[in-house]
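Below you'll find the structure, written out as structure tokens, and then a few comments.
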Amino acid sequence: PTAFLLHRPRTYAGALTWCYEGCSGSGAGCETSCVRGVGMQTFKENLDNMSLVGRVCHEAKSFALASSCLAGATNYYFFATGKKVPESYCEQIKDVNLRRTCRR
């Protein structure tokens with residue numbers, strides 16, 4: 001999704017669709033990995049806006065993929081800082097189920 005977003009800045013929902021279309025016929029692992037990348041890139045470009053990350057991930061076509069999207073963001077945060085995402089960031093997510101997922 002990084003290359004997609006490089007040419008279409010901030011079109012995160014479009015990147016999700018790009019994942020689905022590009023992974024069509026390749027299996028669930030492809031979609032999961034790509035959607036995780038969308039979450040990571042969304043967070044990387046909007047470090048102080050977990051609300052946006054939550055909204056983008058909420059648009060995934062299933063809760064499992066939405067969780068993978070969010071995991072991309074939270075894993076990036078952990079990689080960059082060595083810490084879990086602060087609770088205050090998770091509180092920005094409006095979707096209750098994704099907010100719970102963020103806190104794990």
Side-chain angles (χ1 to χ4, degrees):
T2 303
F4 177 89
L5 291 166
L6 180 65
H7 298 286
R8 296 163 194 86
R10 302 185 61 79
T11 56
Y12 305 114
L16 290 173
T17 301
W18 181 81
C19 287
Y20 306 143
E21 291 171 356
C23 290
S24 179
S26 296
C30 179
E31 280 188 350
T32 299
S33 181
C34 189
V35 167
R36 186 178 301 250
V38 173
M40 182 273 308
Q41 195 65 32
T42 304
F43 186 66
K44 193 166 140 184
E45 294 177 9
N46 302 278
L47 292 171
D48 61 344
N49 192 351
M50 197 63 148
S51 176
L52 174 63
V53 174
R55 287 194 311 272
V56 168
C57 293
H58 180 79
E59 292 184 33
K61 66 182 185 179
S62 70
F63 183 72
L65 287 172
S67 295
S68 292
C69 176
L70 188 62
T74 58
N75 291 344
Y76 176 79
Y77 186 90
F78 183 81
F79 175 78
T81 67
K83 300 175 187 172
K84 288 178 68 172
V85 173
E87 182 109 0
S88 61
Y89 279 35
C90 295
E91 287 298 319
Q92 294 177 28
I93 299 172
K94 289 188 170 65
D95 181 285
V96 170
N97 293 318
L98 284 177
R99 190 179 322 132
R100 268 191 228 118
T101 300
C102 179
R103 291 180 183 147
R104 291 183 193 159

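- Rounded to the nearest 0.5 angstrom, Thr42 OG1 and Leu16 CG are separated by 7.5 Å.
- Contact check for Asp48 versus Gln92: no side-chain heavy atoms found under the 4.5 Å cut-off.
- Applying the salt bridge (Lys or Arg N to Asp or Glu O under 4.0 Å) test to pairs two or more places apart or on separate chains, none has a residue in residues 67-78.
- Taking CD from Glu59 and CG from Asp95, the interatomic distance works out to 11.5 Å, rounded to the nearest 0.5 Å.
- Applying the ring pair (Phe, Tyr, Trp, His ring centres under 6.0 Å) criterion to Phe4, with sequence neighbours excluded, gives Trp18.
- Within the structure, ring pair (Phe, Tyr, Trp, His ring centres under 6.0 Å) pairs that include any residue of residues 81-104 comprise Tyr77-Tyr89 (at least two apart or interchain).
- Here the straight-line distance linking atom OH of Tyr12 with atom OG1 of Thr17 works out to 15.0 Å at 0.5 Å rounding.
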Expected list for residues 24-41: side-chain donor-acceptor pairs under 3.5 angstrom, two or more places apart:
from	atom 1	to	atom 2	distance (Å)
Glu31	OE2	Lys61	NZ	2.9
Thr32	OG1	Ala28	O	3.0
Gln41	OE1	Thr2	OG1	3.2
Gln41	NE2	Glu45	OE2	2.9

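- For Arg55, the side chain to side chain contact (heavy atoms under 4.5 Å, CB included) partners two or more places apart in sequence, or in a different chain, are Ser51, Leu52.
- In this structure, the side chains of Leu98 and Phe63 come closer than 4.5 Å at one or more pairs of heavy atoms.
- Here the SG-CD1 distance, from Cys57 to Ile93, works out to 7.5 Å after rounding to the nearest 0.5 Å.
- Put simply, NZ on Lys83 and CZ on Phe78 are 11.0 Å apart, with the number rounded to the nearest 0.5 Å.
- Pairs engaging residues 2-24 under the salt bridge (Lys or Arg N to Asp or Glu O under 4.0 Å) rule: none recorded [sequence neighbours left out].
- Its side chain outside the 4.5 Å cluster rule for every partner, Phe79 clusters with none of the Ile, Leu, Val, Met, Phe, Trp and Tyr residues.
- Residues meeting the side chain to side chain donor-acceptor pair (under 3.5 Å) test with Asn49, sequence neighbours left out: none.
- Not counting sequence neighbours, Arg104 has no partner by the side chain to side chain donor-acceptor pair (under 3.5 Å) test.
- Shown here are the salt bridge (charged side-chain N to carboxylate O under 4.0 Å, His left out) partners of Arg103, two or more places apart in sequence or in another chain: Glu87, Glu91.
- Minimum interatomic distance between Cys90 and Val85 (heavy atoms only, all atoms of both residues): SG-CG1, 4.0 Å.
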Show your reasoning for whether side-chain contact (heavy atoms from CB on, under 4.5 Å) applies to Leu70 and Met50. CA-CA 10 Å; Leu70 188 62; Met50 197 63 148; 4.1 Å; yes
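- Between Lys44 and Leu47, the shortest heavy-atom distance links the atoms O-CG, 3.7 Å.
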